[in-house]
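Have a look at the structure below, then the notes.
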There are 2 protein chains.
Amino acid sequence: MAKVDTSLVAHLPLFAGVGPEALDEILREARSARYPKNTAIFEQGADAQSFFLLLHGHVRAAKTTPTGEQIVVRYVAPGETFGLAMAIGAAHYPATAMAVDDSVVLIWPISAWPRLIERFPAIAANTLQAVGTRLQESHTRILEMSTQQVEQRVAHALLRLAKQSGKKLDRGIEIDFPISRQDIAQMTGTTLHTVSRILSGWESQGLVESGRQRIILRDPHGIVVLAERTPDSGAA
Amino acid sequence: MAKVDTSLVAHLPLFAGVGPEALDEILREARSARYPKNTAIFEQGADAQSFFLLLHGHVRAAKTTPTGEQIVVRYVAPGETFGLAMAIGAAHYPATAMAVDDSVVLIWPISAWPRLIERFPAIAANTLQAVGTRLQESHTRILEMSTQQVEQRVAHALLRLAKQSGKKLDRGIEIDFPISRQDIAQMTGTTLHTVSRILSGWESQGLVESGRQRIILRDPHGIVVLAERTPDSGAA
DNA sequence: TGCCCGTTTTGCGCTATCGCAAACTAAAGG
DNA sequence: CCTTTAGTTTGCGATAGCGCAAAACGGGCA
(Lines give C-alpha, C1' and ligand atoms only; values in the text may rest on other atoms or scores of the structure.)
Protein backbone atom coordinates (compact mmCIF):
# COMPACT_ATOMS: atom_id res chain seq x y z
CA MET A 1 0.00 0.00 0.00
CA ALA A 2 1.76 3.10 -1.25
CA LYS A 3 1.80 5.77 1.39
CA VAL A 4 0.57 9.25 0.40
CA ASP A 5 2.65 12.22 1.37
CA THR A 6 0.60 14.19 3.85
CA SER A 7 2.15 17.50 2.98
CA LEU A 8 0.98 17.20 -0.61
CA VAL A 9 -2.67 17.36 0.27
CA ALA A 10 -2.69 19.21 3.58
CA HIS A 11 -3.48 22.53 1.94
CA LEU A 12 -6.57 21.32 0.09
CA PRO A 13 -9.91 22.89 1.00
CA LEU A 14 -11.23 19.43 1.73
CA PHE A 15 -8.90 19.16 4.69
CA ALA A 16 -9.26 22.69 6.02
CA GLY A 17 -9.52 22.61 9.77
CA VAL A 18 -8.18 19.08 10.02
CA GLY A 19 -5.05 18.56 12.10
CA PRO A 20 -1.91 16.86 10.74
CA GLU A 21 -2.23 13.65 12.73
CA ALA A 22 -5.90 13.42 11.85
CA LEU A 23 -5.01 13.93 8.22
CA ASP A 24 -2.58 11.09 8.51
CA GLU A 25 -5.31 8.88 9.86
CA ILE A 26 -7.60 9.85 7.02
CA LEU A 27 -5.04 9.16 4.37
CA ARG A 28 -4.28 5.80 5.86
CA GLU A 29 -7.73 4.66 4.80
CA ALA A 30 -7.15 5.60 1.20
CA ARG A 31 -5.31 3.87 -1.55
CA SER A 32 -4.00 5.56 -4.64
CA ALA A 33 -4.33 4.48 -8.22
CA ARG A 34 -3.21 5.59 -11.63
CA TYR A 35 -5.57 5.79 -14.60
CA PRO A 36 -4.04 6.17 -18.04
CA LYS A 37 -5.51 8.64 -20.49
CA ASN A 38 -8.95 7.67 -21.78
CA THR A 39 -9.71 5.02 -19.21
CA ALA A 40 -12.92 4.99 -17.21
CA ILE A 41 -12.69 5.40 -13.44
CA PHE A 42 -16.31 4.50 -12.86
CA GLU A 43 -19.37 4.13 -15.04
CA GLN A 44 -22.71 5.81 -14.69
CA GLY A 45 -25.12 3.47 -12.95
CA ALA A 46 -22.43 1.34 -11.32
CA ASP A 47 -22.57 0.67 -7.59
CA ALA A 48 -20.97 3.56 -5.78
CA GLN A 49 -18.24 1.81 -3.86
CA SER A 50 -15.67 4.55 -3.52
CA PHE A 51 -15.14 8.26 -3.56
CA PHE A 52 -12.15 9.98 -5.03
CA LEU A 53 -9.70 12.82 -4.75
CA LEU A 54 -7.81 13.76 -7.87
CA LEU A 55 -4.09 14.30 -7.35
CA HIS A 56 -2.77 14.63 -10.90
CA GLY A 57 -4.34 14.77 -14.32
CA HIS A 58 -7.87 15.66 -15.37
CA VAL A 59 -11.12 13.78 -15.20
CA ARG A 60 -14.28 14.32 -17.21
CA ALA A 61 -17.62 13.57 -15.56
CA ALA A 62 -20.32 12.94 -18.15
CA LYS A 63 -23.94 11.96 -17.99
CA THR A 64 -25.62 9.88 -20.70
CA THR A 65 -29.30 9.72 -21.58
CA PRO A 66 -31.14 6.47 -22.24
CA THR A 67 -30.95 7.38 -25.92
CA GLY A 68 -27.20 7.82 -25.86
CA GLU A 69 -26.77 11.57 -25.88
CA GLN A 70 -24.15 12.86 -23.51
CA ILE A 71 -23.39 15.99 -21.59
CA VAL A 72 -20.22 16.86 -19.77
CA VAL A 73 -21.15 17.57 -16.18
CA ARG A 74 -17.75 18.94 -15.28
CA TYR A 75 -14.02 18.61 -15.57
CA VAL A 76 -12.31 17.70 -12.34
CA ALA A 77 -9.02 19.46 -11.64
CA PRO A 78 -6.28 18.26 -9.28
CA GLY A 79 -7.21 18.77 -5.64
CA GLU A 80 -10.93 18.28 -6.21
CA THR A 81 -13.06 15.38 -5.04
CA PHE A 82 -15.42 13.45 -7.27
CA GLY A 83 -17.66 10.41 -7.17
CA LEU A 84 -19.34 11.63 -3.98
CA ALA A 85 -22.52 9.69 -4.67
CA MET A 86 -22.57 8.34 -1.14
CA ALA A 87 -22.41 11.73 0.48
CA ILE A 88 -25.76 12.45 -1.07
CA GLY A 89 -27.22 9.07 -0.35
CA ALA A 90 -27.08 7.68 -3.86
CA ALA A 91 -26.32 4.00 -4.30
CA HIS A 92 -25.13 4.39 -7.88
CA TYR A 93 -22.89 6.82 -9.66
CA PRO A 94 -25.01 9.34 -11.55
CA ALA A 95 -22.32 9.93 -14.16
CA THR A 96 -19.31 8.34 -15.80
CA ALA A 97 -15.82 9.50 -14.82
CA MET A 98 -13.07 9.22 -17.36
CA ALA A 99 -9.43 10.24 -17.17
CA VAL A 100 -8.75 12.60 -20.06
CA ASP A 101 -5.09 12.67 -19.17
CA ASP A 102 -2.91 10.24 -17.27
CA SER A 103 -4.31 10.73 -13.79
CA VAL A 104 -3.58 9.79 -10.22
CA VAL A 105 -6.34 9.58 -7.64
CA LEU A 106 -6.82 8.76 -4.00
CA ILE A 107 -9.62 6.30 -3.39
CA TRP A 108 -11.61 5.76 -0.22
CA PRO A 109 -14.16 3.00 0.22
CA ILE A 110 -17.58 4.50 0.88
CA SER A 111 -17.64 2.55 4.11
CA ALA A 112 -15.06 5.00 5.40
CA TRP A 113 -17.32 8.01 4.89
CA PRO A 114 -19.65 7.79 7.91
CA ARG A 115 -16.74 7.22 10.25
CA LEU A 116 -14.75 10.00 8.62
CA ILE A 117 -17.40 12.67 8.99
CA GLU A 118 -18.16 11.57 12.50
CA ARG A 119 -14.58 11.84 13.63
CA PHE A 120 -13.81 14.91 11.53
CA PRO A 121 -16.92 17.03 11.10
CA ALA A 122 -14.85 19.61 9.25
CA ILE A 123 -14.74 17.17 6.35
CA ALA A 124 -18.52 17.24 6.09
CA ALA A 125 -18.56 21.02 6.28
CA ASN A 126 -15.85 21.32 3.63
CA THR A 127 -17.63 18.87 1.37
CA LEU A 128 -20.87 20.73 1.84
CA GLN A 129 -19.11 23.87 0.77
CA ALA A 130 -17.68 22.19 -2.33
CA VAL A 131 -20.99 20.66 -3.34
CA GLY A 132 -22.75 23.95 -2.70
CA THR A 133 -20.33 25.74 -4.96
CA ARG A 134 -20.97 23.20 -7.66
CA LEU A 135 -24.69 23.69 -7.22
CA GLN A 136 -24.25 27.39 -7.79
CA GLU A 137 -22.17 26.80 -10.88
CA SER A 138 -24.84 24.48 -12.09
CA HIS A 139 -27.45 27.18 -11.70
CA THR A 140 -25.27 29.61 -13.56
CA ARG A 141 -25.01 27.12 -16.36
CA ILE A 142 -28.79 26.71 -16.47
CA LEU A 143 -29.16 30.47 -16.52
CA GLU A 144 -26.78 30.72 -19.43
CA MET A 145 -28.47 27.97 -21.38
CA SER A 146 -31.80 29.70 -20.86
CA THR A 147 -30.81 33.22 -21.74
CA GLN A 148 -27.73 33.26 -23.93
CA GLN A 149 -26.93 32.23 -27.44
CA VAL A 150 -24.51 29.51 -28.26
CA GLU A 151 -21.56 31.75 -28.98
CA GLN A 152 -21.75 33.41 -25.59
CA ARG A 153 -22.13 30.10 -23.83
CA VAL A 154 -19.05 28.72 -25.55
CA ALA A 155 -17.15 31.84 -24.59
CA HIS A 156 -18.16 31.47 -20.95
CA ALA A 157 -17.29 27.78 -20.93
CA LEU A 158 -13.82 28.38 -22.32
CA LEU A 159 -13.18 31.19 -19.88
CA ARG A 160 -14.14 28.94 -17.00
CA LEU A 161 -11.90 26.17 -18.26
CA ALA A 162 -9.05 28.64 -18.64
CA LYS A 163 -9.57 29.82 -15.10
CA GLN A 164 -9.74 26.33 -13.68
CA SER A 165 -7.10 24.62 -15.78
CA GLY A 166 -5.39 27.27 -17.86
CA LYS A 167 -1.67 27.16 -18.49
CA LYS A 168 -0.12 30.55 -19.11
CA LEU A 169 1.79 30.82 -22.37
CA ASP A 170 3.34 33.92 -23.86
CA ARG A 171 0.87 33.69 -26.70
CA GLY A 172 -2.10 33.30 -24.38
CA ILE A 173 -3.73 30.76 -22.08
CA GLU A 174 -3.92 27.13 -23.02
CA ILE A 175 -6.53 24.71 -21.73
CA ASP A 176 -4.26 22.23 -20.04
CA PHE A 177 -5.84 18.97 -21.13
CA PRO A 178 -7.12 17.45 -24.38
CA ILE A 179 -10.60 18.70 -25.17
CA SER A 180 -12.50 18.20 -28.41
CA ARG A 181 -15.16 20.31 -30.14
CA GLN A 182 -17.56 17.58 -29.14
CA ASP A 183 -16.66 17.99 -25.47
CA ILE A 184 -17.27 21.71 -25.62
CA ALA A 185 -20.57 21.10 -27.37
CA GLN A 186 -21.57 18.79 -24.55
CA MET A 187 -20.71 21.44 -21.99
CA THR A 188 -22.75 24.13 -23.67
CA GLY A 189 -25.74 22.32 -25.06
CA THR A 190 -24.95 22.53 -28.74
CA THR A 191 -23.37 20.43 -31.49
CA LEU A 192 -19.76 19.91 -32.43
CA HIS A 193 -20.53 21.49 -35.80
CA THR A 194 -21.62 24.73 -34.27
CA VAL A 195 -18.64 24.78 -31.92
CA SER A 196 -16.33 24.19 -34.84
CA ARG A 197 -17.87 27.09 -36.78
CA ILE A 198 -17.58 29.37 -33.78
CA LEU A 199 -13.94 28.50 -33.13
CA SER A 200 -13.11 28.91 -36.81
CA GLY A 201 -14.61 32.36 -36.66
CA TRP A 202 -12.69 33.26 -33.55
CA GLU A 203 -9.51 31.90 -35.00
CA SER A 204 -9.77 34.17 -38.02
CA GLN A 205 -10.27 37.09 -35.65
CA GLY A 206 -7.15 36.11 -33.75
CA LEU A 207 -9.09 35.40 -30.56
CA VAL A 208 -7.99 31.80 -30.28
CA GLU A 209 -5.56 29.35 -31.71
CA SER A 210 -6.79 25.81 -31.80
CA GLY A 211 -6.23 22.39 -33.21
CA ARG A 212 -6.93 18.80 -32.52
CA GLN A 213 -8.20 18.65 -28.94
CA ARG A 214 -6.23 21.75 -28.15
CA ILE A 215 -7.30 25.32 -27.51
CA ILE A 216 -5.31 28.43 -26.72
CA LEU A 217 -7.04 31.65 -25.80
CA ARG A 218 -4.87 34.27 -27.45
CA ASP A 219 -7.06 37.18 -26.43
CA PRO A 220 -8.88 36.30 -23.23
CA HIS A 221 -10.16 39.82 -22.85
CA GLY A 222 -11.66 39.77 -26.31
CA ILE A 223 -13.46 36.59 -25.39
CA VAL A 224 -14.77 38.17 -22.20
CA VAL A 225 -16.24 40.90 -24.35
CA LEU A 226 -17.91 38.32 -26.55
CA ALA A 227 -19.23 36.46 -23.53
CA GLU A 228 -20.88 39.56 -22.18
CA ARG A 229 -22.33 40.81 -25.40
CA THR A 230 -26.11 40.88 -25.19
CA PRO A 231 -28.01 39.26 -28.08
CA ASP A 232 -28.41 42.60 -29.82
CA SER A 233 -25.40 44.72 -28.88
CA GLY A 234 -24.31 45.04 -32.49
CA ALA A 235 -21.43 43.05 -33.91
CA ALA A 236 -19.13 44.35 -36.64
CA MET B 1 -40.99 34.83 20.51
CA ALA B 2 -43.51 32.26 19.36
CA LYS B 3 -42.38 28.80 20.31
CA VAL B 4 -42.32 26.18 17.56
CA ASP B 5 -43.87 22.83 18.22
CA THR B 6 -41.06 20.31 18.18
CA SER B 7 -43.22 17.45 17.05
CA LEU B 8 -44.15 19.28 13.87
CA VAL B 9 -40.64 19.26 12.50
CA ALA B 10 -39.06 16.27 14.22
CA HIS B 11 -39.68 13.99 11.25
CA LEU B 12 -37.99 16.21 8.69
CA PRO B 13 -34.90 14.85 6.94
CA LEU B 14 -32.99 17.88 8.14
CA PHE B 15 -33.28 16.65 11.69
CA ALA B 16 -32.68 12.96 11.08
CA GLY B 17 -30.43 11.58 13.76
CA VAL B 18 -30.99 14.53 16.07
CA GLY B 19 -32.40 13.78 19.49
CA PRO B 20 -35.55 15.48 20.86
CA GLU B 21 -33.83 17.64 23.45
CA ALA B 22 -31.21 18.67 20.89
CA LEU B 23 -33.99 19.53 18.49
CA ASP B 24 -35.52 21.69 21.15
CA GLU B 25 -32.24 23.51 21.55
CA ILE B 26 -31.98 24.03 17.82
CA LEU B 27 -35.48 25.39 17.51
CA ARG B 28 -34.90 27.76 20.36
CA GLU B 29 -32.46 29.65 18.17
CA ALA B 30 -34.99 30.14 15.43
CA ARG B 31 -37.81 32.57 15.08
CA SER B 32 -40.78 32.08 12.82
CA ALA B 33 -42.31 34.53 10.41
CA ARG B 34 -45.21 34.70 8.03
CA TYR B 35 -44.88 36.00 4.47
CA PRO B 36 -48.06 36.82 2.60
CA LYS B 37 -48.46 35.71 -0.99
CA ASN B 38 -46.17 37.53 -3.42
CA THR B 39 -43.83 39.04 -0.87
CA ALA B 40 -40.07 38.68 -1.10
CA ILE B 41 -38.27 36.78 1.66
CA PHE B 42 -34.85 37.84 0.47
CA GLU B 43 -33.43 39.41 -2.64
CA GLN B 44 -30.65 38.17 -4.86
CA GLY B 45 -27.43 39.92 -3.93
CA ALA B 46 -28.52 40.88 -0.42
CA ASP B 47 -26.31 40.03 2.54
CA ALA B 48 -27.01 36.50 3.61
CA GLN B 49 -28.06 36.99 7.20
CA SER B 50 -30.33 34.04 7.75
CA PHE B 51 -31.24 30.60 6.54
CA PHE B 52 -34.74 29.25 6.37
CA LEU B 53 -36.95 26.24 6.78
CA LEU B 54 -40.33 26.38 5.09
CA LEU B 55 -43.20 25.21 7.28
CA HIS B 56 -46.24 26.14 5.23
CA GLY B 57 -46.82 27.56 1.79
CA HIS B 58 -44.56 27.60 -1.26
CA VAL B 59 -41.53 29.66 -2.14
CA ARG B 60 -40.05 30.36 -5.55
CA ALA B 61 -36.29 30.82 -5.83
CA ALA B 62 -35.37 32.75 -8.96
CA LYS B 63 -32.13 34.04 -10.41
CA THR B 64 -31.95 37.21 -12.49
CA THR B 65 -29.35 38.16 -15.08
CA PRO B 66 -27.76 41.60 -15.27
CA THR B 67 -30.02 42.22 -18.26
CA GLY B 68 -33.18 41.33 -16.38
CA GLU B 69 -34.00 37.87 -17.62
CA GLN B 70 -35.05 35.44 -14.96
CA ILE B 71 -35.03 31.72 -14.39
CA VAL B 72 -36.78 29.81 -11.67
CA VAL B 73 -34.16 27.87 -9.78
CA ARG B 74 -36.66 25.84 -7.83
CA TYR B 75 -39.89 25.78 -5.90
CA VAL B 76 -39.47 25.12 -2.21
CA ALA B 77 -42.04 22.83 -0.62
CA PRO B 78 -42.89 22.64 3.09
CA GLY B 79 -40.22 20.86 5.09
CA GLU B 80 -37.38 22.00 2.86
CA THR B 81 -34.62 24.44 3.72
CA PHE B 82 -33.63 27.38 1.57
CA GLY B 83 -31.36 30.38 1.64
CA LEU B 84 -28.37 28.23 2.61
CA ALA B 85 -25.86 30.67 1.17
CA MET B 86 -23.75 30.51 4.29
CA ALA B 87 -23.43 26.74 4.20
CA ILE B 88 -21.56 27.13 0.96
CA GLY B 89 -19.55 30.10 2.07
CA ALA B 90 -21.39 32.75 0.09
CA ALA B 91 -21.82 36.16 1.64
CA HIS B 92 -24.80 37.10 -0.52
CA TYR B 93 -27.92 35.28 -1.61
CA PRO B 94 -27.47 34.00 -5.15
CA ALA B 95 -31.19 34.17 -5.88
CA THR B 96 -34.39 35.89 -4.84
CA ALA B 97 -36.89 33.99 -2.69
CA MET B 98 -40.54 34.91 -2.98
CA ALA B 99 -43.58 33.44 -1.28
CA VAL B 100 -45.99 32.34 -4.00
CA ASP B 101 -48.58 31.48 -1.37
CA ASP B 102 -49.06 32.66 2.16
CA SER B 103 -46.07 31.03 3.78
CA VAL B 104 -44.64 30.38 7.21
CA VAL B 105 -40.93 29.90 7.73
CA LEU B 106 -38.46 29.27 10.50
CA ILE B 107 -35.50 31.63 10.42
CA TRP B 108 -32.08 31.11 11.91
CA PRO B 109 -29.38 33.77 11.96
CA ILE B 110 -26.36 32.58 10.02
CA SER B 111 -24.33 33.09 13.14
CA ALA B 112 -26.08 30.01 14.52
CA TRP B 113 -24.83 27.78 11.72
CA PRO B 114 -21.23 27.08 12.80
CA ARG B 115 -22.32 26.30 16.32
CA LEU B 116 -25.19 24.15 15.08
CA ILE B 117 -23.10 21.92 12.88
CA GLU B 118 -20.45 21.62 15.51
CA ARG B 119 -22.85 20.49 18.17
CA PHE B 120 -25.00 18.44 15.81
CA PRO B 121 -22.90 17.06 12.97
CA ALA B 122 -25.92 15.17 11.69
CA ILE B 123 -27.28 18.52 10.56
CA ALA B 124 -24.30 19.04 8.30
CA ALA B 125 -24.62 15.53 6.91
CA ASN B 126 -28.33 15.98 6.30
CA THR B 127 -27.78 19.32 4.62
CA LEU B 128 -25.05 17.83 2.48
CA GLN B 129 -27.49 15.18 1.40
CA ALA B 130 -30.15 17.76 0.53
CA VAL B 131 -27.76 19.96 -1.40
CA GLY B 132 -26.35 16.93 -3.17
CA THR B 133 -29.80 15.89 -4.26
CA ARG B 134 -30.41 19.35 -5.61
CA LEU B 135 -27.14 19.20 -7.50
CA GLN B 136 -28.26 16.00 -9.14
CA GLU B 137 -31.60 17.51 -10.08
CA SER B 138 -29.73 20.43 -11.50
CA HIS B 139 -27.68 18.14 -13.69
CA THR B 140 -30.79 16.39 -14.85
CA ARG B 141 -32.22 19.73 -15.81
CA ILE B 142 -29.09 20.61 -17.77
CA LEU B 143 -29.25 17.26 -19.50
CA GLU B 144 -32.84 17.90 -20.48
CA MET B 145 -32.14 21.39 -21.74
CA SER B 146 -29.31 20.02 -23.84
CA THR B 147 -31.03 17.05 -25.35
CA GLN B 148 -34.78 17.51 -25.35
CA GLN B 149 -37.20 19.75 -27.12
CA VAL B 150 -39.34 22.23 -25.35
CA GLU B 151 -42.46 20.09 -25.18
CA GLN B 152 -40.67 17.26 -23.44
CA ARG B 153 -39.00 19.63 -21.01
CA VAL B 154 -42.32 21.16 -20.06
CA ALA B 155 -43.76 17.70 -19.58
CA HIS B 156 -40.93 16.73 -17.26
CA ALA B 157 -41.19 19.95 -15.32
CA LEU B 158 -44.90 19.53 -14.71
CA LEU B 159 -44.46 15.92 -13.67
CA ARG B 160 -41.81 16.94 -11.16
CA LEU B 161 -44.02 19.68 -9.78
CA ALA B 162 -46.89 17.23 -9.51
CA LYS B 163 -44.69 14.82 -7.63
CA GLN B 164 -43.36 17.46 -5.28
CA SER B 165 -46.48 19.50 -4.73
CA GLY B 166 -49.34 17.69 -6.40
CA LYS B 167 -52.77 17.55 -4.82
CA LYS B 168 -54.80 14.52 -5.79
CA LEU B 169 -58.19 15.32 -7.27
CA ASP B 170 -60.66 12.90 -8.81
CA ARG B 171 -60.11 14.58 -12.14
CA GLY B 172 -56.33 14.39 -11.89
CA ILE B 173 -53.45 15.99 -10.05
CA GLU B 174 -53.36 19.68 -9.37
CA ILE B 175 -50.19 21.69 -8.87
CA ASP B 176 -50.87 22.99 -5.39
CA PHE B 177 -49.75 26.59 -5.76
CA PRO B 178 -50.26 29.40 -8.25
CA ILE B 179 -47.95 29.03 -11.21
CA SER B 180 -48.04 31.00 -14.43
CA ARG B 181 -47.03 30.13 -17.99
CA GLN B 182 -44.15 32.52 -17.46
CA ASP B 183 -42.98 30.58 -14.42
CA ILE B 184 -42.99 27.33 -16.35
CA ALA B 185 -41.13 29.00 -19.18
CA GLN B 186 -38.48 30.12 -16.70
CA MET B 187 -38.13 26.57 -15.41
CA THR B 188 -37.67 25.06 -18.84
CA GLY B 189 -35.72 27.64 -20.75
CA THR B 190 -38.39 28.82 -23.13
CA THR B 191 -40.94 31.62 -23.47
CA LEU B 192 -44.39 32.00 -22.02
CA HIS B 193 -45.76 32.03 -25.56
CA THR B 194 -44.40 28.60 -26.31
CA VAL B 195 -45.62 27.22 -23.00
CA SER B 196 -49.05 28.64 -23.68
CA ARG B 197 -49.17 27.00 -27.09
CA ILE B 198 -48.08 23.66 -25.63
CA LEU B 199 -50.64 23.73 -22.85
CA SER B 200 -53.37 24.73 -25.29
CA GLY B 201 -52.47 21.72 -27.36
CA TRP B 202 -52.50 19.41 -24.38
CA GLU B 203 -55.78 20.82 -23.20
CA SER B 204 -57.45 20.01 -26.49
CA GLN B 205 -56.11 16.47 -26.17
CA GLY B 206 -57.56 16.19 -22.69
CA LEU B 207 -54.14 15.83 -21.08
CA VAL B 208 -54.45 18.85 -18.84
CA GLU B 209 -56.96 21.34 -17.60
CA SER B 210 -55.55 24.75 -16.92
CA GLY B 211 -56.36 28.34 -16.28
CA ARG B 212 -54.98 31.42 -14.72
CA GLN B 213 -51.97 30.26 -12.66
CA ARG B 214 -53.57 26.88 -12.27
CA ILE B 215 -52.75 23.53 -13.82
CA ILE B 216 -54.35 20.14 -13.39
CA LEU B 217 -52.80 17.07 -14.95
CA ARG B 218 -55.82 15.07 -16.05
CA ASP B 219 -53.81 12.31 -17.62
CA PRO B 220 -50.46 12.06 -15.88
CA HIS B 221 -49.60 8.89 -17.71
CA GLY B 222 -50.23 10.48 -21.06
CA ILE B 223 -47.83 13.24 -20.07
CA VAL B 224 -45.21 10.72 -19.05
CA VAL B 225 -45.48 9.26 -22.53
CA LEU B 226 -44.98 12.71 -24.03
CA ALA B 227 -42.03 13.36 -21.75
CA GLU B 228 -40.29 10.22 -22.88
CA ARG B 229 -41.00 10.55 -26.56
CA THR B 230 -37.74 10.88 -28.47
CA PRO B 231 -37.53 13.73 -30.99
CA ASP B 232 -38.54 11.43 -33.83
CA SER B 233 -40.76 8.74 -32.33
CA GLY B 234 -43.67 9.68 -34.55
CA ALA B 235 -46.57 11.76 -33.29
CA ALA B 236 -50.15 11.26 -34.54
C1' DT C 1 7.12 5.73 -44.32
C1' DG C 2 2.53 5.10 -45.28
C1' DC C 3 -1.99 3.79 -43.74
C1' DC C 4 -5.94 4.24 -40.78
C1' DC C 5 -9.00 6.44 -37.90
C1' DG C 6 -10.73 9.95 -35.01
C1' DT C 7 -11.28 14.91 -35.34
C1' DT C 8 -12.34 18.96 -37.63
C1' DT C 9 -14.19 21.85 -41.25
C1' DT C 10 -17.66 23.50 -44.27
C1' DG C 11 -21.86 23.71 -47.25
C1' DC C 12 -26.80 23.70 -47.40
C1' DG C 13 -31.63 23.14 -46.54
C1' DC C 14 -34.90 22.77 -42.76
C1' DT C 15 -37.58 23.71 -38.73
C1' DA C 16 -38.44 24.39 -33.95
C1' DT C 17 -38.82 28.14 -31.51
C1' DC C 18 -38.46 32.89 -30.76
C1' DG C 19 -40.06 37.76 -30.92
C1' DC C 20 -43.36 41.02 -31.67
C1' DA C 21 -48.09 42.49 -31.83
C1' DA C 22 -52.70 42.41 -30.74
C1' DA C 23 -56.81 40.63 -28.93
C1' DC C 24 -58.99 38.25 -25.28
C1' DT C 25 -60.16 36.70 -20.43
C1' DA C 26 -60.76 36.54 -15.76
C1' DA C 27 -59.62 37.72 -11.15
C1' DA C 28 -59.35 41.61 -7.82
C1' DG C 29 -60.63 45.90 -5.99
C1' DG C 30 -63.22 50.04 -5.47
C1' DC D 1 -71.24 46.33 -10.98
C1' DC D 2 -67.73 48.25 -13.45
C1' DT D 3 -62.81 49.14 -14.07
C1' DT D 4 -58.30 47.87 -13.90
C1' DT D 5 -54.64 44.92 -14.53
C1' DA D 6 -52.22 40.76 -14.81
C1' DG D 7 -52.28 36.68 -17.19
C1' DT D 8 -53.28 34.08 -21.43
C1' DT D 9 -54.03 33.01 -26.29
C1' DT D 10 -52.97 33.19 -31.06
C1' DG D 11 -51.11 34.71 -35.61
C1' DC D 12 -47.20 35.46 -38.35
C1' DG D 13 -42.61 36.49 -40.01
C1' DA D 14 -37.67 35.92 -38.88
C1' DT D 15 -33.66 33.14 -37.69
C1' DA D 16 -30.32 30.72 -34.92
C1' DG D 17 -28.77 26.61 -34.88
C1' DC D 18 -29.56 21.75 -36.09
C1' DG D 19 -28.91 17.67 -38.96
C1' DC D 20 -27.03 15.49 -42.71
C1' DA D 21 -23.34 14.80 -45.88
C1' DA D 22 -18.88 14.96 -47.53
C1' DA D 23 -14.36 16.32 -47.67
C1' DA D 24 -10.04 17.65 -45.53
C1' DC D 25 -6.85 17.07 -41.90
C1' DG D 26 -3.41 15.27 -38.80
C1' DG D 27 -1.49 11.87 -35.39
C1' DG D 28 -0.29 7.67 -34.01
C1' DC D 29 1.05 3.27 -34.96
C1' DA D 30 2.50 -0.73 -37.61
Side-chain angles (χ1 to χ4, degrees), chain A residues 36-38 60 67-71 98 100 102 144-155 175 177-186 188-204 208-216 226 229-235, chain B residues 36-38 60 67-72 98 100-102 144-155 175 177-186 188-204 208-216 226 229-235:
Chain A
K37 183 172 173 172
N38 290 327
R60 181 184 58 219
T67 59
E69 289 115 325
Q70 257 196 0
I71 62 158
M98 155 109 45
V100 295
D102 290 3
E144 286 178 7
M145 291 192 61
S146 298
T147 61
Q148 305 183 332
Q149 342 215 133
V150 172
E151 186 171 20
Q152 295 168 62
R153 302 205 303 263
V154 171
I175 312 284
F177 54 83
I179 184 168
S180 69
R181 308 287 184 265
Q182 174 80 278
D183 293 324
I184 295 170
Q186 292 176 347
T188 53
T190 180
T191 63
L192 78 164
H193 307 274
T194 299
V195 172
S196 179
R197 280 180 246 270
I198 289 171
L199 288 184
S200 295
W202 289 357
E203 186 128 29
S204 66
V208 302
E209 173 189 332
S210 77
R212 197 189 180 73
Q213 306 205 94
R214 191 180 54 85
I215 300 178
I216 299 171
L226 265 186
R229 181 140 75 205
T230 77
D232 52 273
S233 70
Chain B
K37 184 172 173 172
N38 290 327
R60 181 183 58 219
T67 59
E69 290 116 323
Q70 259 197 357
I71 62 157
V72 171
M98 155 109 45
V100 295
D101 249 353
D102 290 4
E144 285 177 8
M145 291 192 60
S146 298
T147 61
Q148 306 183 331
Q149 345 214 137
V150 172
E151 186 172 20
Q152 297 167 62
R153 302 205 300 265
V154 171
I175 311 285
F177 53 84
I179 185 168
S180 70
R181 308 287 185 263
Q182 174 81 276
D183 293 323
I184 294 169
Q186 291 176 347
T188 52
T190 181
T191 63
L192 78 163
H193 307 274
T194 299
V195 172
S196 180
R197 281 179 246 270
I198 288 171
L199 288 184
S200 295
W202 289 357
E203 185 128 30
S204 66
V208 302
E209 172 188 331
S210 78
R212 197 190 181 74
Q213 306 204 97
R214 190 180 55 84
I215 300 179
I216 299 171
L226 265 187
R229 180 141 75 205
T230 78
D232 52 274
S233 68

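Throughout, protein chains are lettered first and strands after them, A, B, ... in sequence-line order, and every chain is numbered starting at 1.
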## Note on the structure
With sugar-phosphate taken as primed atoms, P, OP1 and OP2 and all else as base, the protein-contact string of nucleotides 2-10 of chain C at under 4.0 Å (heavy atoms; B, S, -) is ----BSBBB
### Message
Report for the helix from dT1(C)-dA30(D) to dG30(C)-dC1(D): angle between first-end and last-end helix axes, five pairs each, rounded to 10 degrees.
### Response
50°
### Query
What residues, two or more places apart in sequence or in another chain, satisfy side-chain contact (heavy atoms from CB on, under 4.5 Å) together with Glu151(A)?
Ile198(A), Trp202(A), Leu226(A)
### Message
Quick check on DNA chain C: between Val150(B) and Lys37(B), whose nearest nucleotide comes earlier from the 5' end?
### Response
Val150(B)
### Contact check, side chains of Thr190(A) and Val195(A), non-hydrogen atoms, under 4.5 Å
yes
### Query
Residues two or more places apart in sequence or in another chain: which of them pass side chain to side chain donor-acceptor pair (under 3.5 Å) with Ser200(A)?
none
### Message
Can you list everything that forms a side chain to side chain donor-acceptor pair (under 3.5 Å) with Asp102(A)? Sequence neighbours excluded, please.
### Response
Arg34(A)
### Task
Walk along DNA chain D from 5' to 3' and tell me the first and last nucleotide with an atom closer than 4.0 Å to a non-hydrogen atom of chain B.
dA6(D) to dC12(D)
### Query
Going by heavy atoms in the side chains, are Ile184(A) and Ile215(A) under 4.5 Å from each other?
yes
### Query
By side chain to side chain donor-acceptor pair (under 3.5 Å), which residues pair with Thr191(A), not counting sequence neighbours?
Thr194(A)
### Arg214(A): partners by side-chain contact (heavy atoms from CB on, under 4.5 Å), with sequence neighbours left out
Glu174(A), Glu209(A), Ile216(A)
### Query
Is there a side-chain polar atom (N or O) of Thr190(B) under 4.0 Å from OP1 or OP2 of dT17(C)?
no
### Message
Within the structure provided, determine whether Ser146(A) and Met145(B) are in side-chain contact (heavy-atom separation under 4.5 Å).
### Response
yes
### Query
Residues in side-chain contact (heavy atoms from CB on, under 4.5 Å) with Ser180(A), at least two apart?
Gln182(A), Asp183(A), Gln213(A)
### Task
Check every strand shown and say whether Gly189(B) touches a base, only sugar-phosphate, or nothing at a heavy-atom separation below 4.0 Å.
sugar-phosphate
### Message
If the condition is side chain to side chain donor-acceptor pair (under 3.5 Å), which residues does Ser210(B) pass it with, not counting sequence neighbours?
### Response
Arg181(B), Glu203(B)
